[in-house]
Amino acid sequence: AIRGFVCVPIRARDRILGTLALGRQTDRRFADEELLLLACTADQIGLALDNARLYAESRQQLEDLRVAQQALVRAERLSAVGELAAGVAHEINNPLMIIQAQSYLLLESGVPEQIRGGLRTIDAATRRVAGIVRDLIVFAEPSPPQRSLCVLSDYVARVLALQDHHLRTDNIEVRTEIQHAPPVWADASQVHEVLFNLIRNARQAMASTKGCGVLTIRVAGTPGGVRVEVEDDGPGVSPENLPRLFTPFFTTRGPGEGRGLGLSVSYAMIGEHGGRLYCENRAEGGARFVVELPVGQPQRPAPRLE
Ligand code: ADP
């Protein structure tokens, strides 16, 4: 049976992490040296525990740094691509407008039907190129958002209603989990476009691989804003494609099917709002796109100096 007992605290930086206890089966008092030894041992344990914690912390910091560096490199590359794209887009824009205007004038001038067919093809093709050029310019130089108060769950509902027919014909079951979230100060048409792109992509990913699927959309408030998740149970994104997803013209769709601009334009728009757009693969399979938007504040006019 234990007859004598001594207990010392294990400390690390003025915090008590635990205790070190020693029992003895005789009546003899603990000698001062023994107590000192125990206290020293407790100090050593405290130091070792603290070192282990510091080590774990610095590893985590290193990992955070690596992730931040990768994000920075990606953002730099995206902005370099953006500059290049904007240059090309502006160069293409002028001749394109001339082609469009000329084919329109010819169509209006009463040319024979044989030639009209060709002109209509030119018209359709130039419209398509004009759409690409517009997206590129938006990606490279997103116009400053025209902000108003937006309730994101309303936009989710609108986009779902707009794609309802496609979702049903593609056998996609839609689940929504809408929690209370504050309205955000954002550009309504850009919010709409981003949600539209994400939901369309999710639908296409599931329809093209499985012919059916479940689309889950969550809206929830965060400490500084709102978070929207668009989740599918399609094929997900392969690890080598994940870093390229938001680069203009990155597409895995066939020629004529995808322009690879939806995500890059969405990325630029959310960035312009001071928010974040990113993608992760779900453990259960499928992809999750996350939009985080800060609540934002109406700009107050600068105070006038009298
Ligand atoms: P596009 O749809 O024209 O290809 P996007 O920029 O919208 O252009 O998307 C780029 C690529 O990202 C797609 O081609 C596809 O490979 C991938 N992608 C986007 N959304 C998903 C998703 N939900 N699941 C899997 N892959 C996706």
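Hydrogens, waters and symmetry mates are skipped; everything else that's a heavy atom, side chains included, is used. A quick note: this is a predicted structure, and the numbers were derived from the prediction, not measured.
Between R200 and E193, none of the side-chain N atoms (NZ, or NE/NH1/NH2) sits under 4.0 Å from a carboxylate O, so this pair counts as no salt bridge. Here D232 does not pair with R203 in a salt bridge; the nearest charged N to carboxylate O distance is not below 4.0 Å. A salt bridge between D50 and R53 is present, with a side-chain N of the basic residue lying under 4.0 Å from a carboxylate O of the acidic one. Using a 4.0 Å cut-off between charged side-chain N and carboxylate O, R147 and D187 make no salt bridge.
Between L245 and F289 there is a side-chain heavy-atom pair separated by less than 4.5 Å. In this structure, V88 and L136 have side chains that are not in contact, with every pair of non-hydrogen atoms separated by 4.5 Å or more. For the pair I2/R24, no side-chain contact is recorded, criterion being any heavy-atom separation below 4.5 Å from C-beta on. Residues R227 and R218 have side chains not in contact (no heavy-atom distance under 4.5 Å, counting atoms from C-beta outward). Between R28 and E34, some side-chain heavy-atom pair lies under the 4.5 Å cut-off. Contact annotation: the side chain of R15 never approaches that of R11 to less than 4.5 Å [non-hydrogen atoms, C-beta and beyond]. Put simply, the side chain of E229 does not reach to within 4.5 Å of the side chain of I217, judged on heavy atoms. Counting heavy atoms from C-beta outward, L162 and H192 have side chains that approach closer than 4.5 Å.
To the nearest 0.5 angstrom, T176 atom OG1 is 7.5 Å from L160 atom CG. Separating the SG atom in C150 from the CD atom in Q190 is a distance of 10.0 Å, to the nearest 0.5 Å. Rounding to the nearest 0.5 Å places CZ of R13 at 9.0 Å from CG of L47. Atom CG of L37 sits about 6.5 Å away from atom SG of C40, to the nearest 0.5 Å. To the nearest 0.5 Å, atom CG of residue L119 and atom OG of residue S109 are 8.0 Å apart. Between atom CG of residue L277 and atom CG of residue L198 there is a gap of 6.0 Å, rounded to the nearest 0.5 Å.
For the residue pair N93 / R134, no side-chain donor-acceptor distance below 3.5 Å is found, with atom types taken as modelled. Donor-acceptor pairing under 3.5 Å is lacking for the side chains of D43 and T41.
The environment of E280 atom CD is dense: over 12 non-hydrogen atoms of other residues, nucleotides or ligands sit within 6.0 angstrom. Atom CD of E284 has more than 12 heavy atoms from other residues, nucleotides or ligands within 6.0 Å. Applying the 6.0 Å contact sphere to CG of D64 captures more than 12 heavy atoms from other residues, nucleotides or ligands. Other residues, nucleotides and ligands place more than 12 heavy atoms under 6.0 Å from the CZ atom of F30. The number of heavy atoms from other shown groups lying within 6.0 Å of CZ (R29) does not exceed 12. Open room surrounds CD on Q146; 12 or fewer heavy atoms of other groups in view lie less than 6.0 Å from it.
A donor-acceptor pair under 3.5 Å is formed between the side chain of Q163 and the backbone N or O of F196. Although no hydrogens or angles enter the test, the distance criterion places no donor-acceptor pair under 3.5 Å between the side chain of T247 and the main chain of F250.
Under the 4.5 Å side-chain heavy-atom criterion for Ile, Leu, Val, Met, Phe, Trp and Tyr, L35 and L20 are members of the same hydrophobic cluster. Cluster membership for M269 and V151, using ILVMFWY side-chain heavy atoms within less than 4.5 angstrom, is not shared. No chain of hydrophobic side-chain contacts below 4.5 Å, direct or via other Ile, Leu, Val, Met, Phe, Trp or Tyr residues, connects Y155 to V295. Tracing side-chain contacts under 4.5 Å through hydrophobic residues (I, L, V, M, F, W, Y), one reaches I115 starting from L107; they form part of the same cluster. The hydrophobic clustering, which links ILVMFWY residues whose side-chain heavy atoms are closer than 4.5 Å, places L152 and V290 apart.
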*salt bridge (Lys or Arg N to Asp or Glu O under 4.0 Å) assessment of D233 paired with K210*: CA-CA 9 Å; D233 62 356; K210 308 200 301 179; 3.4 Å; yes

_side chain to side chain contact (heavy atoms under 4.5 Å, CB included) between I10 and T19, worked out_ = CA-CA 5 Å; I10 298 175; T19 53; 5.7 Å; no

*Step by step, would you call D123 with Y104 a side chain to side chain contact (heavy atoms under 4.5 Å, CB included)?*
CA-CA 8 Å; D123 188 52; Y104 175 79; 5.7 Å; no

*Start with the C-alpha gap between Q204 and R253, add the side-chain angles, then the distance that decides, and say whether side chain to side chain donor-acceptor pair (under 3.5 Å) holds.*
CA-CA 10 Å; Q204 287 176 342; R253 301 187 214 289; 3.2 Å; yes

*Could you go through the salt bridge (Lys or Arg N to Asp or Glu O under 4.0 Å) check for R175 and E173 one step at a time?*
CA-CA 7 Å; R175 296 184 189 156; E173 183 194 329; 2.9 Å; yes

*Tell me, with the steps shown, if E113 and R120 meet salt bridge (Lys or Arg N to Asp or Glu O under 4.0 Å).*
CA-CA 10 Å; E113 189 51 38; R120 281 198 205 96; 3.6 Å; yes

*Start with the C-alpha distance between E292 and Y278, add both sets of side-chain angles, then the distance that settles side chain to side chain contact (heavy atoms under 4.5 Å, CB included), and finish with yes or no.*
CA-CA 9 Å; E292 287 172 358; Y278 59 91; 3.3 Å; yes

_Between C212 and D170, is the side chain to side chain contact (heavy atoms under 4.5 Å, CB included) condition met? List the steps._
CA-CA 6 Å; C212 66; D170 284 340; over 6 Å; no

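Between V6 and L38, the shortest heavy-atom distance links the atoms CG1-CD2, 3.5 Å. When all heavy atoms of A89 and I137 are compared, the pair lying nearest together is CB-CG1, 3.6 Å. Minimum heavy-atom separation, A181 to V219: CB-CG1, 4.3 Å. Nearest approach of T26 to R3, heavy atoms of both residues: O-CB, 3.5 Å. Shown here for G221 and P182, the closest heavy-atom pair between the two residues is CA-CD, 4.2 Å. Closest of all the heavy-atom pairs between G262 and N197 is O-ND2, 3.2 Å.
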